[in-house]
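Let me begin by presenting the structure, written as structure tokens, before commenting on it.
In what follows, chains are A, B, ... by sequence order, proteins preceding strands, each numbered from 1. The figures that follow rest on heavy atoms only: side chains count, while hydrogens, waters and symmetry mates do not.
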Number of protein chains: 2
Amino acid sequence: MSEKIHRSVPVRPSPTLEDLATAAGVSRSTASRAINGGSRVSPEAQAAVDAAVVSLGYTPNRAARSLVTRRTSSIALVINEPDARVMMDPFFAAVITGVTEALRETEMQLVLLMSRAGGDASRTVRYLRGGHVDGAIVVSHHKADGWTEDLAASGLPTVFIGRPWDTGLGIHYVDVDSFEGGRLAALHLAATGRTRLGTVTGPLDMTAAVDRLAGWNTGLREAGLPPGPVAEGDFTTPGGAEAAALLLAEDEGLDGIFAASDIMARGVIMALQASGRSVPEDVGVVGFDNHLTAPGELPLTTINQPMVETATKAGRLLLADIEDTRSNRDPVIFPARLVMRASTAV
Amino acid sequence: MSEKIHRSVPVRPSPTLEDLATAAGVSRSTASRAINGGSRVSPEAQAAVDAAVVSLGYTPNRAARSLVTRRTSSIALVINEPDARVMMDPFFAAVITGVTEALRETEMQLVLLMSRAGGDASRTVRYLRGGHVDGAIVVSHHKADGWTEDLAASGLPTVFIGRPWDTGLGIHYVDVDSFEGGRLAALHLAATGRTRLGTVTGPLDMTAAVDRLAGWNTGLREAGLPPGPVAEGDFTTPGGAEAAALLLAEDEGLDGIFAASDIMARGVIMALQASGRSVPEDVGVVGFDNHLTAPGELPLTTINQPMVETATKAGRLLLADIEDTRSNRDPVIFPARLVMRASTAV
DNA sequence: TTGTACGCGTTATCAG
DNA sequence: CTGATAACGCGTACAA
């Protein structure tokens, strides 16, 4: 045991499996077996190794381990948003919370892969294909994300949160019933006696936005109402406000608006009030997400979307997929439910 | 090139450095040098390797690389919150955004380490000490987090966001000027003619909460006002509401409240309105964070806290620390600034 | 049940 | 400037 007095970097090398084995009085192999499955190792050897583990504070070297096992014990959460501002949407907090929940009690670590504006999508897919993670959860998928095929072809276990554009690729995904949500919004506004209805959609290069719009149109038809004005938003509050202004320009007698996210609904209400209209008296507003918790502002009628649960489900499915490549790949769809609050009171 | 027809797992092994070398007509060593620094390698060899890289789609095996370099090209973001709900605070979105920003243009990946209620703090510190990451950013640090010393002693480059409890450990940190923020809040409320002032603090096992409270008390003294009632909140909206109720019970003639976070200020306003008081007429309210973007609700006077920039700074400092262990360790404090809005109008 | 020996893909050392 | 060759720490046939 030599002791260097002046060591600029106070990092003592962590004990290796070799150290552990000698400390336990067994061979490397036995120590290895004891650490892992623990099969085919005598009770006394097991005990000796266990003791050595705690006394040495041994932690297996992940790099060395994954080099031979070809598993990394980590999964990627791919958030593909060019605009960093959307990160502020509670949606992502819910996703992170849910995925983390699925990973607890697991050795798996979560690697955050945020692709930014600079078109470094190739970098993301390279990383994913490079064997750095055992699987990936992809959220916030856009139509222009051409790498979806590459990813599917790579064979990396992958679960999408939100239906991918090309379901023909056999990609595993979980989603909330956006179509039904849009439909419920239309039916609810109609049921409260409103007849001139418009909608602020999400970015139409996302399936969630398209599905909500389709459900909305279906709901209008079922209610016997004509298709009203449609404006595309961007899932931000200012975007919602701008879109609402467009809607009002198209039909100033509008008495009901469905916004495809709560965040946008905020903007819609702001625009309505700025134009001298009151909510819900003049115009009823329905949001989507049920993520808002801002007492003090007008309670928003919205479509409940169990995002945390959805994300947790995605995590569990991915883990199962990693364990067994032939696991069930059927999409899982969570139901949408209308939550009525003051913004559509009659 | 043999082709297996029935391959259950469509994963073709990614090309190795060996493959790359033969494809480029050079040796492994040269290929390696070409990939990395590129020093001491002839232009033609470099070109050959570069070409082979793109044609083969080569990606270095991270595990193998870090096994020998002892660097992992990844850093951890440690979020230490027992309650998953607080993740909904925009604060964390800002932190993630900021750190990600610091890492762009870098090969570094971000590993999210969220410790949950189950007291698996030891697991976190084991992971950190286990050499799985090159450094760590710790946010949301609580007094009871006993592992701070272990972490400091481990020599792992670490940067705290928010002053750690034991600054004697020489831990590198960045922070916003919480003290000054609290002071500004008190002075502002006093300047608007309010004299019976109370505050809802954050959890007092966090330095940010303690600092804001200290600044608040100092501000009161400077304004010649007596120390008012103090209630401890938990950085959530319901917690803010409860604390405000406590404040009112202590002094029902209160005409000004400072909440140590915007989220809590929402709860405060809710509680005030529920008690029949109006804001800002009866009671002025000041928040802290300047993260709220909820048009439709009362615009909140608050203390601006540049969290994204702070987090970015933390990321850059950590990178510098990893590069050069003897880098500057002086704490970096971002200034606080009062943003006046309607909630304290006179 | 245990131990020996080999290989995982890279970088670093050291002769050429 | 280049190319053998030796580590890096671990899992696992294979043999004992």
Side-chain angles (χ1 to χ4, degrees), chain A residues 11-50 52-53 56-74 107 126-127 129-134, chain B residues 11-50 52-53 56-74 107 126-127 129-134:
Chain A
V11 168
R12 68 168 164 292
S14 37
T16 153
L17 186 57
E18 182 76 51
D19 304 334
L20 187 71
T22 44
V26 297
S27 76
R28 274 199 308 274
S29 330
T30 303
S32 173
R33 282 187 284 257
I35 288 176
N36 304 323
S39 78
R40 299 189 322 186
V41 37
S42 67
E44 44 271 23
Q46 180 74 36
V49 172
D50 289 345
V53 165
L56 266 64
Y58 172 76
T59 314
N61 180 314
R62 226 164 174 122
R65 173 176 280 179
S66 73
L67 184 56
V68 47
T69 61
R70 284 147 180 297
R71 300 215 9 196
T72 63
S73 294
S74 65
E107 285 295 298
R126 268 218 324 275
Y127 183 83
R129 301 192 49 160
H132 306 314
V133 292
D134 297 335
Chain B
V11 169
R12 67 168 165 293
S14 38
T16 153
L17 186 59
E18 184 74 53
D19 304 335
L20 187 71
T22 46
V26 297
S27 75
R28 263 210 322 271
S29 322
T30 302
S32 176
R33 281 187 287 258
I35 288 175
N36 306 321
S39 78
R40 299 188 324 187
V41 37
S42 66
E44 43 270 22
Q46 180 73 291
V49 172
D50 288 346
V53 165
L56 266 63
Y58 171 78
T59 314
N61 180 314
R62 226 166 173 118
R65 173 177 283 178
S66 73
L67 184 56
V68 47
T69 61
R70 289 155 176 293
R71 304 232 343 214
T72 63
S73 294
S74 64
E107 285 295 298
R126 268 217 325 276
Y127 182 84
R129 301 193 48 157
H132 306 314
V133 292
D134 297 335

Under the side chain to side chain contact (heavy atoms under 4.5 Å, CB included) rule, collect the residues that match up with A/Ser42, sequence neighbours excluded.
A/Glu44, A/Ala45
Please enumerate all residues that pass ring-ring contact (aromatic ring centres under 6.0 Å, His included) together with A/Tyr58, with sequence neighbours excluded.
none
Is the distance from OP1 or OP2 of C/dT2 to the nearest side-chain N or O of A/Ser42 less than 4.0 Å?
yes
Would you classify A/Ala63 as touching base, sugar-phosphate or nothing, given that sugar-phosphate means primed atoms plus P, OP1 and OP2, and contacts are heavy atoms under 4.0 Å?
nothing
Report, as a single string ordered 5' to 3', how protein heavy atoms within less than 4.0 Å touch nucleotides 10-16 of chain D: B base, S sugar-phosphate only, - not at all.
SSB----
Find the distance A/Asp19:CG to D/dC8:P and express it as a whole number of Å.
11 Å
Would B/Asn61 and B/Thr16 count as a side-chain contact (heavy atoms from CB on, under 4.5 Å) if you check the C-alpha gap in whole Å, the side-chain angles of each, and the deciding distance to 0.1 Å?
CA-CA 8 Å; B/Asn61 180 314; B/Thr16 153; over 6 Å; no
Using atom CG of A/Leu67 as one end and atom P of D/dA7 as the other, report the distance to the nearest whole Å.
17 Å
Using 0.5 Å steps for rounding, measure from the NE2 atom of A/His132 to the OG atom of A/Ser66.
10.5 Å
Once you round it to whole Å, what is the distance between C1' of C/dG3 and CG of A/Leu20?
16 Å
Which atom of B/Ala31 lies closest to which atom of B/Leu17, heavy atoms considered:
CB-CD1, 3.8 Å
Show, in sequence, the C-alpha distance, side-chain angles and deciding distance for B/Arg33 and B/Val26, and conclude whether the side-chain contact (heavy atoms from CB on, under 4.5 Å) test is met.
CA-CA 11 Å; B/Arg33 281 187 287 258; B/Val26 297; over 6 Å; no
